[in-house]
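Starting from 1, each residue takes its place in the sequence as its number. Reckoned from all heavy atoms, side chains included, excluding hydrogens, waters and symmetry mates.
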Amino acid sequence: MKRFFKPIEKDGSTAPKKPCLSPEKRNGDGDCVEEGKNQKEPTKFVTWNANSFLLRVKNDWSELSKFVSDFDPDVIAIQEVRMPAAGGKGKPKNYGELSDDTKALREEKQILMRALSSPPFGNYRVWWSLAESKYAGTALFVKKCFKPQKVYFNLDKLASKHEPDGRVILAEFETFRLLNTYSPNNGWKEEENSFQRRRKWDKRIVDFLSQTSDKPLIWCGDLNVSHEEIDVSHPDFFATAKLNGYVPPNKEDCGQPGFTPSERARFGTIMKEGRLVDAYRYLHKEPDMESGFSWSGNPIGKYRGKRMRIDYFLVSEQLKDGFYGSDHCPVSLELSKPSSYSEENQVSN
């Protein structure tokens, strides 16, 4: 259902090939080289729901590596890693490490780690927060020259705890926090893992924001909600969508998950309570049917040509006059440099 990088045609291009079998050498102690910069904190960010990071590496390596090389982000936030956490049957799980408990998983891990030790990913340190199965999971890549003060894997800021299904990575830098989340889908019916799960998540997000207001926040990821009608390609279709004819008893829960009145209202409350700004919508207030969405429906069936914007960068209000952004798939955000940097280093899209 996501739009992915398309494999480059075999036309003699010099674009990066499949991941090499031997890891590339890294610079010195592993720090990246930042020529012409005196930069202490990251300013260029990318967020992307990869819907299996392994498949993107295996099938779309040329496009993926070229994108990272060309844009050269300081931070890459990934959702839906879809790699299980380490720990065999009956053993404690290590949610910060990829599983190699079977032959197939060892081979998959080897492929992924070889790719990540090759350019351009060799310049990044990676943190994982994984689920017990090939479901959900998040990853955070940070250039080695930018060292977070702390990294958490939950909304409670507890060092040893990972959110169920690996939905959260929180990195704390000196002047801001970066939150990467794969927010749970609302679902279609009033069930334990559907409406209630999303309501509990939204409440916890509000609680988190109230407890972390001492620093500006950059919140990115697949937030699984389209806030306004402008954020979907066909508002009437999504507002009246049903699954197998089911109609929820509460009309506020009716419609496409991610576009129900209840979710949209709670999302508005979250933004207000957290004093957050939708970076893309702040910069792009007019409808954009070409690049204004980050999710595209299946090309076969009733969702053909239907699109939603569910992947975001939300930033604290104090940052709203200091960023540049774009919304394709993936989504990028670039903060303007602090005033101490020279004008010649200012970059915009």
Side-chain angles (χ1 to χ4, degrees), residues 1-3 49 51 79-80 135-136 155 163-165 167-168 181-210 219-282 284-289 292-314 327 331:
M1 300 287 279
K2 291 278 182 180
R3 287 182 290 165
N49 181 319
N51 196 4
Q79 304 88 45
E80 281 206 85
Y135 171 74
L155 295 175
E163 291 285 341
D165 300 329
R167 294 187 179 275
V168 171
T181 71
Y182 175 42
S183 301
N185 188 287
N186 185 68
W188 290 94
K189 296 184 178 182
E190 187 75 38
E191 298 172 344
E192 182 180 356
N193 292 324
S194 185
F195 294 165
Q196 292 303 322
R197 180 180 67 165
R198 181 63 192 227
R199 289 189 176 100
K200 291 177 181 178
W201 169 270
D202 288 344
K203 182 180 185 304
R204 291 189 63 214
I205 288 289
V206 171
D207 293 341
F208 166 81
L209 294 172
S210 68
W219 177 15
C220 67
D222 181 349
L223 306 192
N224 260 319
V225 62
S226 295
H227 188 204
E228 305 288 354
E229 288 193 355
I230 193 177
D231 298 317
V232 296
S233 62
H234 297 73
D236 291 341
F237 170 86
F238 287 116
T240 58
K242 300 176 184 178
L243 180 66
N244 299 326
Y246 176 79
V247 179
N250 182 352
K251 67 179 181 179
E252 296 299 304
D253 292 323
C254 292
Q256 175 72 30
F259 195 64
T260 65
S262 179
E263 293 170 277
R264 295 168 59 194
R266 292 198 305 270
F267 192 68
T269 298
I270 288 170
M271 292 180 62
K272 181 178 180 181
E273 293 292 327
R275 301 184 66 183
L276 298 173
V277 173
D278 178 347
Y280 176 78
R281 189 55 64 209
Y282 180 77
H284 305 276
K285 296 179 173 58
E286 299 299 322
D288 184 350
M289 294 298 291
F293 310 104
S294 60
W295 177 91
S296 183
N298 195 306
I300 300 175
K302 64 179 181 180
Y303 281 90
R304 180 179 180 179
K306 309 297 193 302
R307 304 176 187 176
M308 304 175 73
R309 189 170 71 92
I310 57 177
D311 303 272
Y312 289 80
F313 275 100
L314 302 182
D327 190 356
V331 184

Let me confirm one number: the [atom1]-[atom2] distance from [X] to [Y], rounded to the nearest 0.5 Å.
| X | Y | atom1 | atom2 | value |
| --- | --- | --- | --- | --- |
| Asp222 | Trp295 | CG | CH2 | 11.0 Å |
| Asn224 | Phe259 | CG | CZ | 14.5 Å |
| Lys306 | Ser296 | NZ | OG | 10.5 Å |
| Leu243 | Lys189 | CG | NZ | 6.5 Å |
| Glu163 | Tyr182 | CD | OH | 14.5 Å |
| Glu263 | Ile270 | CD | CD1 | 10.5 Å |

### Query
Taking the side chain from Asp165 and the backbone from Arg167, do they hold a donor-acceptor pair closer than 3.5 Å?
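Not at all, since once roles are kept as given, no pair shorter than 3.5 Å links the two residues.
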
### Query
Is a side-chain donor or acceptor of Ser226 paired with a backbone partner of Val232 at a separation under 3.5 angstrom?
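Checked: no pair found.
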
Between [Y] and [X], is there a side-chain heavy-atom distance shorter than 4.5 Å?
| X | Y | value |
| --- | --- | --- |
| Tyr280 | Val331 | no |
| Arg264 | Glu229 | yes |
| Glu80 | Tyr135 | no |

### Message
Between Leu314 and Leu223, does the side chain to side chain contact (heavy atoms under 4.5 Å, CB included) criterion hold? Intermediate values first, please.
### Response
CA-CA 10 Å; Leu314 302 182; Leu223 306 192; 3.9 Å; yes

### Query
Between Arg199 and Asp253, does a salt bridge (charged side-chain N to carboxylate O under 4.0 Å, His left out) hold up when you go through it step by step?
CA-CA 11 Å; Arg199 289 189 176 100; Asp253 292 323; 2.6 Å; yes

### Message
Run the ring-ring contact (aromatic ring centres under 6.0 Å, His included) test against Phe267 and tell me which residues pass, sequence neighbours left out.
### Response
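Here the qualifying residues are His227, Tyr312.
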
### Message
Check the orientation of Phe238 and Tyr303. Use parallel for under 30°, tilted for 30 to 60°, and perpendicular for over 60°.
### Response
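Judged by the thresholds at 30° and 60°, the geometry between Phe238 and Tyr303 is tilted.
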
### NZ/Lys285: more than 12 non-hydrogen atoms of other groups inside 6.0 Å
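Yes, because the 6.0 Å sphere around NZ of Lys285 holds more than 12 heavy atoms from other groups.
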
### Query
Any side-chain donor paired with an acceptor under 3.5 Å for Ser194 and Arg198?
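Note: Ser194 and Arg198 side chains miss the donor-acceptor criterion.
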
### Task
Return each pair, listed once, that meets side chain to side chain donor-acceptor pair (under 3.5 Å) where at least one residue sits in residues 231-244; pairs must be two or more places apart or across chains.
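Only Asp231-Arg281, Asp231-Arg309 qualify under side chain to side chain donor-acceptor pair (under 3.5 Å).
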
